[in-house]
Amino acid sequence: MPSRDGEPLLAARGLRRSFGRVRVLRDVDLTLAAGDVLAVAGPNGAGKSTLLRVLAGLSRPSAGEVRVEGRRLAGDPEARRAIGLLSHHSLLYDDLTLLENLAFAARLYGSPHPAETARAALAAAGLSDRAGDQPRRLSRGLLQRAAIARALLHGPRVLLLDEPFTALDAAAAERLRATLAERREAGLGVLVVTHHLGEVWDVATRVAVMVGGRWAAEEPREGPLDAFLPRYREWIGA
Amino acid sequence: MPESLRLALAVAGKDIRAELRSRTALLSAVVFAALVLVVFNFARDPTAIAAADLAPSVLWVTFALAAMVALNRAFTVEREHGAIDGLLLAPVPRGALFLGKLLANLAFVGTVEAVTLPLFVLFFNVDLTAALPGIIGVTALATVGFVSVGTVFSAMAVRTRFAELMLPVLLLPFMVPPIIGAVQVTARLLAGRPLSEMLGWLRLLALYDVVFVTLCTMAFGAVVDE
C-alpha cells in the first residue's frame with residue numbers, strides 16, 4: 001500500500017523532549033517510508049521509549065514536529081488513527097475480559113462490528129480460547145500477545161513497537177516476525193525499539209542507534225548481525 | 001447519533017461495565033456514606049438542635065464526601081497497565097473522552113446518592129414525602145457541576161504520587177458554591193417554602209453547571225495530554 005500523496009508514513013523533524021532540566025531527546029530526525037521496518041537499538045536511557053511516546057502522540061515534544069502521511073500528529077485524530085503502539089504496558093483493563101477490552105478498543109477506532117473485529121484480532125494472536133479471561137489471569141507472555149493484538153486491531157499503517165518480543169515464547173515470536181514481514185511486503189511501516197537486534201534482524205530494512213537522546217547512526221540492514229555488532233558497540237561506546 | 005456522543009457512550013459503558021464487575025468503588029462509597037451518617041447521627045446533640053435544622057447540611061456533606069470516594073476511581077482504573085494511553089492514542093476528541101468519563105461518574109455518584117438518601121431518612125427521621133421531587137432535582141443540578149470539576153481534577157490528580165490525597169485538596173474548594181446552593185435549596189424544600197425563595201440559588205447552581213461543564217470540556221485535553 002503506497003503512502004498517502006507520496007508523503008512518508010512517518011516523519012519527525014528536530015524532535016526534542018525535556019523533563020525539567022533533563023534533555024531526553026535531542027534534535028531527532030527520522031523518516032519511515034512505506035515498507036520500512038526500522039529497528040532502533042541503544043543503551044538504557046538513550047530515549048528510545050520516550051521517542052516512541054512522542055511519535056505516538058502520547059507525549060508532546062518540547063520542540064520539533066511529527067507528521068503522519070503529511071498530517072501534523074498534534075491535534076489531528078485522523079493522524080492518530082494511522083498509528084498502532086505496543087508500549088511497556090498492555091493498555092488493557094483488568095476488570096474487562098480480553099474480548100471486552102479489544103471490542104472497546106475497536107469501538108474507539110470506529111469499527112462497525114467491534115465484537116467481530118476483536119474476535120478476529122484475538123484469533124490472529126492465538127488467543128481465541130482466552131477471550132473470556134481477564135488480563136490479570138494471563139501469564140506475562142499471553143498478556144504481551146494480547147497487547148500486540150490490541151496494537152494491530154485497527155490495521156494501523158504505522159506500527160510502533162517497544163520491546164515486542166518480551167516474554168514471548170518461540171512460536172509467538174516467530175508469528176510476530178511473520179506479521180512484521182507481511183507488513184513490510186504490504187508497504188506499511190514498522191518502528192521497533194529493541195535491546196536484542198537479533199530478534200528483528202531478518203525482517204528489518206534499516207537499523208538505527210540512539211545514544212544520549214540523539215539519533216547517533218542509521219544505515220540499511222545488510223549482511224549478518226555479527227558484522228554490524230562491532231560498529232554498534234563503537235557507536236554506543238561499549 | 002453524532003460520532004462524539006457514540007464515543008462518549010463507549011467510554012462510559014466501559015467504565016460502568018468494569019465497575020459493575022469489581023464493585024470496588026461503588027461499595028466503598030456507599031459504605032463510606034453510611035458511616036458518615038452514623039457518625040453525624042451519634043455526634044449531634046438532639047436536645048440542642050433539631051434534626052430538621054441540621055439535616056440539609058448533613059445530607060450534602062455526606063454526598064460531597066461520598067462523591068469524592070467515587071470520583072477517586074475515575075482515573076485510577078486508567079492507570080492500571082497504562083490503559084489511559086490506549087484512550088489517548090485513539091482518534092477520539094478529548095471532549096468526547098471527558099463526556100464519557102463525566103457520564104460514568106454521574107452514574108456512580110448518582111447511585112451513591114440514591115442509596116444514601118433512604119439511609120439519611122432513616123437516621124434523621126426526616127419526612128421527604130412532599131419534598132422528594134425537589135430534592136432529586138436539586139441533587140441532579142448540584143451533582144452535575146461538582147462531578148464535572150471532579151472528573152477533570154481526578155484526571156489531573158492521577159498523575160501525581162498521592163492521587164487519593166490530591167483530589168480532595170483540589171476539589172473541595174470548587175465544591176463549596178454548589179454545596180452552599182444545594183443546602184439552601186434543600187433547607188427550604190424541607191421547610192415547605194415556596195419556589196420563589198429558592199430561585200436565586202437554583203440559578204446559581206444552573207450557572208455553575210453551564211460554566212464548569214463548558215470549561216472542563218475545553219480544559220480536559222490540556223490536562224490529560226503530556
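Predicted model, so just to flag it, every value in this text is computed and none were measured. Here is the naming used below: chain letters follow the sequence lines, and residue numbers restart at 1 for every chain.
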*Asks:* So do the side chains of Asp95(A) and Leu20(B) get within less than 4.5 Å of each other, counting heavy atoms only?
*Replies:*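 Of all side-chain heavy-atom pairs linking Leu20(B) with Asp95(A), none is under 4.5 Å.
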*Asks:* With distance as the sole test, does Arg107(A) use its side chain to make a donor-acceptor pair with the main-chain N or O of Ala10(B) at under 3.5 Å?
*Replies:*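 The answer is no, because no donor-acceptor pair under 3.5 Å joins these two groups.
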*Asks:* Please indicate whether Asp27(A) has more than 12 foreign heavy atoms, meaning atoms of other residues, nucleotides or ligands, lying under 6.0 Å from its CG.
*Replies:*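 Enclosed.
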*Asks:* With a 4.5 Å heavy-atom cut-off, do Leu108(A) and Leu87(B) have their side chains touching?
*Replies:*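 Sidechains of Leu87(B) and Leu108(A): in contact.
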*Asks:* Please classify the contact of Arg136(A) with chain B as side chain, backbone, both or neither, using a heavy-atom distance under 4.5 Å.
*Replies:*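 For Arg136(A), there is no contact with chain B at all, as no heavy atom is under 4.5 Å.
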*Asks:* Counting only heavy atoms from other residues, nucleotides and ligands, does the tally under 6.0 Å from CZ of Arg137(A) exceed 12?
*Replies:*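 Not more than 12 within 6.0 Å, no.
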*Asks:* Which value, rounded to the nearest 0.5 Å, describes the distance between His89(A) atom NE2 and Ile84(B) atom CD1?
*Replies:*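 If I round to the nearest 0.5 Å, the distance is 12.0 Å.
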*Asks:* Checking side-chain polar atoms at under 3.5 Å, does His81(B) have a donor or acceptor matched by the opposite partner on Asp94(A)?
*Replies:*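 The answer is yes; a qualifying pair exists.
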*Asks:* Which residue out of Gln134(A), Glu100(A), His88(A) racks up the most heavy-atom pairs below 4.5 Å with chain B?
*Replies:*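 Most pairs with chain B among the choices: Glu100(A).
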*Asks:* Chain B heavy atoms under 4.5 Å from Ala56(A): which part of the residue, side chain, backbone, both or neither?
*Replies:*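 For Ala56(A), the contact with chain B is made by backbone and side chain together.
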*Asks:* Looking at every non-hydrogen atom in both residues, tell me the closest pair between Leu92(A) and Ala83(B) and how far apart they are.
*Replies:*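 Shortest heavy-atom contact: O-CB, 4.3 Å.
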*Asks:* Quick check: are there more than 12 heavy atoms from other residues, nucleotides or ligands sitting under 6.0 Å from NE2 of His195(A)?
*Replies:*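 Atom NE2 in His195(A) is packed in, count exceeds 12.
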*Asks:* Apply the side-chain hydrogen bond (donor to acceptor under 3.5 Å, both in side chains) test between Tyr93(A) and each candidate in Arg21(B), Arg17(B), Glu80(B), Glu78(B); give the one that qualifies.
*Replies:*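 For Tyr93(A), the side-chain hydrogen bond (donor to acceptor under 3.5 Å, both in side chains) test succeeds with only one of Arg21(B), Arg17(B), Glu80(B), Glu78(B), which is Glu78(B).
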*Asks:* Please report the interatomic distance CG(Asp85(B)) to CG(Leu58(A)), rounded to the nearest 0.5 Å.
*Replies:*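 Going from the CG atom of Asp85(B) to the CG atom of Leu58(A) covers 4.5 Å.
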*Asks:* Could you tell me which of Asn101(A), Leu85(A), Leu143(A) has the largest number of non-hydrogen atom pairs under 4.5 Å with chain B?
*Replies:*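 Most heavy-atom pairs within the cutoff with chain B belong to Leu85(A).
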*Asks:* Does atom CZ (Phe124(B)) have a neighbourhood of more than 12 heavy atoms from anything else shown, all under 6.0 Å?
*Replies:*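 Enclosed.
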*Asks:* Taking atom CG of Asp15(B) and atom CZ of Phe104(A), what is their separation to the nearest 0.5 Å?
*Replies:*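 One gets 7.5 Å once the value is rounded to the nearest 0.5 Å.
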*Asks:* Check Leu88(B) against Arg80(A) and note the closest heavy-atom contact, atom names and distance.
*Replies:*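 Taking every non-hydrogen atom into account, O-NE, 3.3 Å.
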*Asks:* So does Arg23(B) have more than 12 non-hydrogen atoms from other groups sitting under 6.0 Å from CZ?
*Replies:*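 No - once you tally the heavy atoms of other residues, nucleotides and ligands closer than 6.0 Å, there are 12 at most.
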*Asks:* Heavy-atom distance under 4.5 Å to chain A: side chain of Val11(B), backbone, both or neither?
*Replies:*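 Its backbone and side chain both get close to chain A.
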*Asks:* Is there a donor-acceptor pair closer than 3.5 Å between any side-chain N or O of Arg81(A) and the backbone N or O of Pro91(B)?
*Replies:*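 It does not hold such a pair.
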